[in-house]
Amino acid sequence: MIEGSFELQGLLESVLYGSGSSQISVPPRVPPVVADYSNPFILKLHGFWSESSGELCMVGTGSALLKEVDNNYFETISILMPPQLNYKFTIVSGDSDDEISGESDFEENFPIDSVLQGRSFCSKFTSLVFRNVFNLQYTGCRSSKKCLPGDGVIANLPSSISLSAINCTGVLKRVRIFLKFDDNIKHSRHDKRFDPSKTLIGEGIWDDKKNQLHVLLCRFLDIANSWSNAHVGDCTTRLSLRFPTIWSIKETSTIMGQIWTNKTEEDSGYFENILFRSTENHMHALPDLKYEYTEHYRVRNLCPEKKLGRNRRRRYPSPNSIGMKFNMLVESSEGRTGWGSANALTVNSQLYMHARLSFASIRDDFSKPTRWEPQGRANISYRIDIKWHTPSKLTDEDNASIVPDEKMEITAEGIYDADTGGLCMIGCRKLDQPLGNDSMDCGILLNFQFAPVKGLEKGGYIRGEIKSIRKKSDLLYFDHLDVSSVAYNREQARHTIWTMDLEIALVVICQTLVCLSVRPQLYHSKRHPNRLPFTSLVMLVILALGQLIPLVLNYEALFYHKNDQGTVLFQTGGWLEANEVIIRITSMVAFLLYFRILQQAFSSRSKDGNGKGLWFAEKMTLLVTLPLYVSGAIIVLLVDRANYKCDIVLLPISPVDYWQRSTLEDLKSYAGLISDGFLLPQILFNIFSNSAENALRPSFYIGTSLVRLLPHVYDLYCDHSYVEYKGTFIYANPAENFFSNVWDVIIPIGVSLFAAIIYLRQQFGGCCIVPKRFRWSESYENIPMVSES
């Protein structure tokens with residue numbers, strides 16, 4: 001081995017990018033779209049590194065699934081990476097602070113000690129700066145050549161930047177960073193592509209005098225066809241980054257900064273200043289942050305104080321309570337829907353989260369006496385983020401990751417009246433494309449009405465609207481938006497938990513009652529085996545399937561815990577799952593009992609001498625009920641499709657759920673209706689067979705009818721003034737087709753009528769309810785069996 005050289009072995013793994021297929025090529029001029037993480041390009045290499053020249057030469061073999069490459073040939077791959085070890089900061093020094101600092105950076109900013117809060121410089125910057133995304137605002141960008149660093153013309157200007165750390169020294173407060181311009185395409189969070197034409201590299205140092213991070217940035221040059229000759233140069237771009245101490249309605253970013261160049265307007269590569277702001281607001285990281293209310297005059301004019309009548313005194317959430325933060329559903333006048341979140345920023349002169357902490361020793365709204373006490377009005381500020389919903393049928397699953405988000409970001413301030421529950425604010429929304437020098441539209445009025453803490457007379461919803469106060473001819477005018485949200489508080493939580501407890505208990509009681517009512521029927525069949533053949537097999541099949549189908553659809557509850565954050569409201573520590581297992585076990589016991597009766601009835605009818613007549617009556621029963629059930633299912637599906645709409649369900653743990661009823665759910669609801677009328681096949685069988693046998697014990701059909709009645713009686717009686725959530729209905733779900741005020745009356749009447757008919761039949765004969773001229777003229781008699789002996 002040559003002196004000064006070192007033998008090396010290793011693996012080089014690279015993720016392939018392409019437009020749907022895995023390809024290896026020279027660095028593309030247009031950033032690719034798809035990253036194939038399932039098929040990385042792996043090289044097993046072996047070679048030598050020269051210490052004197054710093055060059056590394058290696059050979060080896062590679063493996064990758066190359067669909068469009070013949071004979072394992074691929075074009076040259078260029079590799080570019082910054083040095084990591086023994087790097088010395090050369091550009092930024094104490095003598096060059098004035099050279100890289102801006103001229104207009106005189107705002108009041110947090111000192112670095114207030115930002116670090118005892119943590120190291122590198123650790124805090126990694127969590128706050130380098131894990132954030134910054135939106136860009138172009139100032140005076142008159143042509144595409146004067147918008148970004150470099151000489152190229154870019155049609156689609158980047159909307160944001162991201163910073164990543166290469167090296168960091170905490171003692172000297174210096175960093176080496178990558179600055180990446182991101183376009184409007186939404187990529188995966190795992191996307192780590194590197195495009196040197198949209199990436200800058202630089203060194204920065206924290207300025208303790210101005211409380212700013214100053215960075216000198218350079219471009220990657222000679223990267224047109226290959227990266228082999230790429231190098232860093234053109235270090236004329238500057239960046240400053242700061243943590244402002246004062247927020248306002250137009251500035252609510254934790255981190256702000258600007259990018260500029262020290263070139264003159266006549267120089268090649270000159271661009272206008274670019275402002276950037278953080279997209280995430282880390283209020284907890286800056287406890288001394290202050291908010292300055294600037295819209296007092298407009299708020300007083302547009303938000304008049306409401307007079308409170310003596311008979312309308314109700315208790316509403318206090319401005320410091322957790323109820324001031326809510327998720328919401330937004331619907332435009334054109335029918336578009338979206339979801340959003342409203343987060344309180346400040347209450348009077350305190351940050352919202354710190355205002356809540358300062359009142360932690362005081363009992364909250366829901367523990368106070370119900371007697372009304374005046375709370376007054378409070379200044380309050382909000383940040384509201386709205387994301388419009390794009391229907392799934394309009395998006396391509398293969399390209400779902402590149403569909404741009406349609407968002408509306410509003411910062412608002414105004415007055416909250418805790419005595420009336422009214423919240424009125426003036427808002428400013430960020431514009432995607434600034435008009436002139438205006439990057440925000442501050443002609444917005446927001447009105448919300450909170451629900452009372454006690455009583456919830458308005459159904460427990462927060463109602464409101466967002467509207468533009470500009471003229472319709474104005475370019476920034478937009479139609480008003482209707483807002484609704486769940487006012488979810490502790491009282492509702494207690495009510496919902498109590499309701500779930502009650503419904504679980506009712507389900508267990510009903511399933512137990514089913515088992516208790518089936519057991520006497522088995523004894524009845526053993527004591528009177530001659531009556532067993534006169535039991536309708538269709539009825540027994542319906543009852544058995546009514547227990548089997550829920551078991552099949554929910555069998556996973558017996559074996560593992562399924563945690564669906566979209567439908568489960570509370571974490572119960574396994575309590576809800578344990579009760580669900582009990583319900584499944586009782587359902588299985590009931591199914592086995594029904595199946596046993598079905599088996600006995602089938603075998604006894606096969607042995608009975610009058611089997612042909614009874615089988616004829618059973619076939620007639622099936623010929624009547626089967627077309628009836630099928631036609632009913634078709635009608636249900638047609639009616640539901642005619643009234644089709646995508647239900648929008650508000651959830652407390654996720655902002656909104658766009659829930660669409662499926663055909664299976666419609667059929668499940670209809671199957672419940674068939675189970676409610678389980679006695680219909682027995683009534684028809686009695687009519688066709690003209691039987692006078694007491695095949696059913698009263699405790700059986702009365703007990704089973706009672707089980708079918710209770711859910712509808714409960715749904716009719718239960719209190720619907722509270723907001724109910726998807727996933728909290730265990731016993732009777734009002735969202736089902738046959739749980740409504742009308743059906744809750746019709747179905748109990750029908751079930752009671754069927755039970756009364758069975759009772760009359762067992763007292764006066766099978767055709768007692770049929771007029772004499774429509775009764776069967778023939779009856780089936782028992783013919784004695786003649787043995788061969």
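These values consider heavy atoms only, across backbone and side chains, with no hydrogens, waters or symmetry-generated copies. Index from 1, following the sequence.
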**Asked** Going through the distances and angles, do Tyr701 and Tyr759 end up as a side chain to side chain contact (heavy atoms under 4.5 Å, CB included)?
**Response** CA-CA 9 Å; Tyr701 65 84; Tyr759 175 79; 3.7 Å; yes
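- No side-chain donor-acceptor contact under 3.5 Å links Glu331 and Thr337.
- The minimum heavy-atom distance linking Asp676 with Val751 is given by the pair O-CG2, 3.3 Å.
- Within the 3.5 Å criterion, the main-chain N or O of Pro529 finds no donor-acceptor partner in the side chain of Ser525.
- Annotation: side chain of Val624 is not in contact with side chain of Leu628 (no heavy-atom distance under 4.5 Å).
- One finds the CZ atom of Phe678 at 3.5 Å from the OG atom of Ser705 (value rounded to the nearest 0.5 Å).
- Within the 4.5 Å cutoff, the side chain of Leu540 has no heavy atoms near those of the Phe595 side chain.
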**Request:** List the steps, then state whether side chain to side chain contact (heavy atoms under 4.5 Å, CB included) holds for Ile542 with Thr625.
**Result:** CA-CA 11 Å; Ile542 291 175; Thr625 56; over 6 Å; no
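- If you check the side chains of His528 and Asn694, you find no donor sitting under 3.5 Å from an acceptor.
- When all heavy atoms are compared, the tightest approach of Thr586 to Gln511 is OG1-CB, 3.3 Å.
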**Message:** If you apply the rule side chain to side chain contact (heavy atoms under 4.5 Å, CB included), what do you find for Ile386 with Trp339, and how did you get there?
**Reply:** CA-CA 6 Å; Ile386 300 173; Trp339 62 264; over 6 Å; no
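- At least one side-chain heavy atom of Arg708 sits under 4.5 Å from a side-chain heavy atom of Ser675.
- Checked against a 6.0 Å centroid threshold, the rings of Phe326 and Phe450 count as neighbours.
- In the displayed structure, Phe478 atom CZ is contacted under 6.0 Å by more than 12 heavy atoms of other residues, nucleotides or ligands.
- Nearest heavy atoms, Glu618 versus Ser536: OE2-OG, 3.3 Å.
- Taking each heavy atom of Gly632 and Tyr670 in turn, the nearest pair found is CA-OH, 3.3 Å.
- Distance alone, capped at 3.5 Å, is enough to place a donor-acceptor pair between the Ser603 side chain and the Gln600 backbone.
- Not one N or O on the side chain of Arg697 forms a donor-acceptor pair closer than 3.5 Å with the backbone of Val518.
- Inter-residue side-chain proximity for Leu626 and Val538 is flagged as unmet; no heavy-atom pair is nearer than 4.5 Å.
- For the atom pair Met539 CE and Leu598 CG, the distance stands at 9.5 Å (nearest 0.5 Å).
- Atom CG of Leu522 sits about 10.5 Å away from atom OH of Tyr594, to the nearest 0.5 Å.
- Nearest heavy-atom pair across Thr704 and Phe700 is OG1-O, 2.8 Å.
- A donor-acceptor distance shorter than 3.5 angstrom exists from the side chain of Thr535 to the backbone of Leu532, with no hydrogens or angles considered.
- Neither side chain, Arg527 nor Tyr523, offers a donor N or O lying under 3.5 Å from an acceptor on the other.
- Side-chain atoms of Ile462 and Gln449, non-hydrogen and from C-beta on, never get closer than 4.5 Å to each other.
- Note that OG of Ser341 and CE of Met328 are 6.5 Å apart. Values are rounded to the nearest 0.5 Å.
- Note that CD1 of Ile746 and CG of Leu673 are 10.0 Å apart. Values are rounded to the nearest 0.5 Å.
- No side-chain heavy atom of Met408 sits under 4.5 Å from any side-chain heavy atom of Lys387.
- Looking at residues two or more places apart in sequence or on another chain, you find no ring-ring contact (aromatic ring centres under 6.0 Å, His included) involving Phe685.
- Leu329 is not listed as a side-chain neighbour of Val483, based on a closest heavy-atom distance of 4.5 Å or more.
- Rounding to the nearest 0.5 Å gives a distance of 5.0 Å between CD1 of Ile384 and CD1 of Ile466.
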**Request:** Go through the steps to decide whether Ile702 and Ile758 satisfy the test side chain to side chain contact (heavy atoms under 4.5 Å, CB included), and finish with yes or no.
**Result:** CA-CA 10 Å; Ile702 293 177; Ile758 292 294; over 6 Å; no
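- Looking only at side-chain heavy atoms (C-beta outward), Leu446 and Lys467 stay at 4.5 Å or farther from each other.
- Counting all heavy atoms, side chain and backbone alike, Leu593 lies closest to Cys515 at CD1-O, 4.0 Å.
- Judged by distance alone, the side chain of Gln682 and the main-chain N or O of Phe534 form a donor-acceptor pair under 3.5 Å.
- Distance alone, capped at 3.5 Å, is enough to place a donor-acceptor pair between the Arg605 side chain and the Pro533 backbone.
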